[in-house]
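Notes follow once the structure below has been shown.
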Amino acid sequence: MKAMKYSSLIVCCVVFCTFFAASSYADLPKVVIVATGGTIAEKTDPKTGGAVPAVSGKDLIEAVPGLGKIANIEVVNLCDIDSSQMTPEIWARLSKTVDERLAEAGVKGVVVTHGTDTMAEGAYFLSLTLKSDKPVAFVGAMRDVSDVSPDGPANILNAVIQVCSEEAKDWGVTVTLNEYINSARNVVKTNSTNVQTFDSGEKGYLGYIAMGKVIHYNDAPARQRLPIPDKLPDVIFLSTFAGDDGSLVRFAVDRGAKGIVIDAVGAGNVNAKVYEAVKYAIAKGVVVVITTSVYHSGVWPMYGDQGGGETLEKNGAILGGDLPGAKARLLLMLAIAKEKGNVDEIKKYFKR
Ligand code: ASP
C-alpha cells in the first residue's frame, strides 16, 4: 500500500516537473540564430595556422551555457564563410531569410553570427532592406574557438538577451560585441585584433549589456528602407590618393559601372585629374557619390572647386554625408535600382 502511495507521488512529481518545464519552456521567447560563418565559427588549423570553418550554428549554441533558460533557440545555417568572402548578393539572401523568420508571430528577434571584417556593412545592408521592425543583432568574435579565451559564446548570449529585451524594441539592426551595442548605421570596425573593435565614434553606443541586463543609452538613428532588386546594380568603390591620375575612375566607367563611390581626401577633396574623371563619369550617366576616409564629420560642399566656382556637387556628384564609403556603396546600389538611376531622387537618400 505504502509503495503504491510512494510511486504515485513520484508520478505526480514527474508529471508536475514535466508540465512545469514544458510550460516554462513554452513561456520563453523564441529567437532564431542565423549562422553565416566568420571567426566565431572558425578554428586555427594547426598545420597551416590559418583560420578554417569548424563550428556549425548548432555547435555554436551548445557552447553557450544557460542560453536555453533565456529563449527557445532555433538555428539556421545560411552559409559558413569568412566574411571577407561576403557579397551584397549573399546579404540579400540573408535579409530575405531573416525577414521570413521575423514574420513568424512567435519569433521575438534574430541573432546573426557573422565575420567581423564586413559585419558593419552586412548589418547596414539589412537595416536598409529588412521589412520587419523586430530586433536583429549581429554578433561575431575576434578570438576563434581555438583561442585561450574565445569571445564568441559571451557575445551570442548577450545578443540573445538583447533581442529578448524591451530596451532593444526600437533599435532595429545592431552590431553587438564585447557588451557594447552599436547601430548598424553608425558602427565601424576600429581594431583589427582587439575584442573591443566595434565603435560608433561621436554618435555613441545605443547601449550596453552588463550582468545580463540591457542598458539603453540612445535611440537608433532614423532608418531608411529600400527594396531588394532582382539584380543589384554594379557599383564600384574607389579611394583617391596623392598623384591619382583618375584612370581607375575612367576604367570603372568604361567597364560599365552604374555607380561609383569615391573615398576622397579631407572633407571631400579630389585632385584636378580625378575631378575631370568624375565629370567624364557623370557625362556617361554614371552616378558618383563622394565620401571620405576621415572618421568624423564626413564630406561638405567646400571642395572640388577647380576655379570659377565649379564644384563636384555642381557637376552632379552626390556628397555622401558622414557615411563610410563601403556603406555608401550599398545604399547607392539599392537607390539606383529603386530610383532607376534618377540622380535627383537618389540624392535624397544621402541628404544629411
Ligand atoms: N576574418 C574574420 C571574418 O571576418 C574575422 C572575424 O570574424 O573576426 O570572417
Side-chain angles (χ1 to χ4, degrees), residues 27-36 40 57 60-61 64 66-76 91 94-95 97-114 116 119-141 151-189 195-201 203-225:
D27 296 343
L28 289 176
K30 182 171 178 184
V31 172
V32 177
I33 295 181
V34 182
T36 70
I40 195 167
L60 270 181
I61 306 317
V64 186
L67 202 54
K69 294 195 181 75
I70 297 163
N72 295 334
I73 303 290
E74 183 189 335
V75 178
V76 173
W91 284 329
L94 173 62
S95 184
T97 302
V98 170
D99 243 345
E100 279 162 19
R101 307 318 304 267
L102 289 173
E104 294 167 18
V107 172
K108 180 86 176 170
V110 164
V111 169
V112 176
T113 61
H114 191 288
T116 61
M119 183 184 289
E121 292 77 27
Y124 181 60
F125 188 92
L126 264 70
S127 78
L128 293 173
T129 56
L130 283 175
K131 298 183 181 73
S132 173
D133 289 327
K134 288 184 182 177
V136 176
F138 273 67
V139 294
D151 54 324
N155 288 339
I156 291 174
L157 180 64
N158 283 338
V160 171
I161 292 169
Q162 174 194 321
V163 299
C164 292
S165 73
E166 272 313 294
E167 289 78 5
K169 210 163 41 65
D170 303 318
W171 275 338
V173 182
T174 69
V175 167
T176 302
L177 267 83
N178 203 37
E179 302 182 343
Y180 286 99
I181 303 168
N182 294 274
S183 71
R185 168 51 174 83
N186 295 330
V187 71
V188 290
K189 183 173 182 180
V195 291
Q196 184 38 41
T197 182
F198 286 106
D199 196 291
S200 298
K203 302 188 191 89
Y205 298 112
L206 293 182
Y208 187 77
I209 298 177
M211 317 301 278
K213 290 273 172 276
V214 177
I215 318 291
H216 188 288
Y217 288 160
N218 293 299
D219 293 340
R223 202 164 159 180
Q224 294 174 296
R225 306 289 182 122

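Computed over heavy atoms, backbone and side chain alike; hydrogens, waters and symmetry mates excluded.
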Distance-only, no hydrogens or angles: does the Arg223 side chain make a donor-acceptor pair with backbone N or O of Ser127 under 3.5 Å? yes

ask   = Any chance the side chains of Ser200 and Asn182 put a donor and an acceptor closer than 3.5 Å?
value = yes

Requested in this report: Compute the centroid of each ring, for Tyr208 and then for Tyr180, and state whether the two points are separated by less than 6.0 Å.
Outcome: yes

Item to complete: Taking Asn155 for its side chain and Asn178 for its backbone only, find out whether a donor-acceptor pair lies under 3.5 Å.
Response: yes

**Asked** Between the main-chain N or O of Lys169 and the side-chain N or O of Glu167, is there a donor-acceptor pair closer than 3.5 Å?
**Response** no

| Leu60 side chain reached by Ile33 side chain, heavy atoms, under 4.5 Å | no

Leu102 and Val136 have their tightest heavy-atom pair at CD1-CG2, 3.7 Å

Asn218 and Tyr205 have their tightest heavy-atom pair at ND2-O, 2.7 Å

Taking every heavy atom of Val32 against every heavy atom of Val76, the minimum-distance pair comes out as CG1-CG2, 3.8 Å

Here the gap from Ile40 atom CD1 to Ile156 atom CD1, rounded to the nearest 0.5 Å, amounts to 4.0 Å

Minimal heavy-atom distance between Arg185 and Pro221, with the atoms involved, is CB-CG, 3.7 Å

dist Ile215:CD1 -> Leu206:CG (nearest 0.5 Å) comes out at 13.5 Å

**OP:** State whether the side chain of Thr116 and the backbone N or O of Met119 hold a donor-acceptor pair below 3.5 Å, judged by distance alone.
**Re:** no

Determine the interplanar angle of the Trp91 and His114 rings, folded into 0 to 90°, and report it as parallel if under 30°, tilted if 30 to 60°, perpendicular if over 60°. parallel

Thr129 and Asp99 have their tightest heavy-atom pair at O-OD2, 4.1 Å

message = Check Glu74 with Lys108, please: is the shortest side-chain N to carboxylate O separation under 4.0 Å?
response = no

Are any of the side-chain heavy atoms of Ile70 and Leu28 separated by less than 4.5 Å?
no

Between Asp151 and Ala141 the two heavy atoms that sit nearest each other are OD1-CB, 3.4 Å

Notebook entry, point to check: Are any side-chain N or O atoms of Arg225 and backbone N or O atoms of Leu130, one a donor and one an acceptor, separated by less than 3.5 Å?
Noted result: yes

Do any N or O atoms from the side chain of Thr176 and from the backbone of Ala159 form a donor-acceptor pair under 3.5 angstrom? no

d(Ser95 OG, Lys131 NZ) to nearest 0.5 Å is 7.5 Å

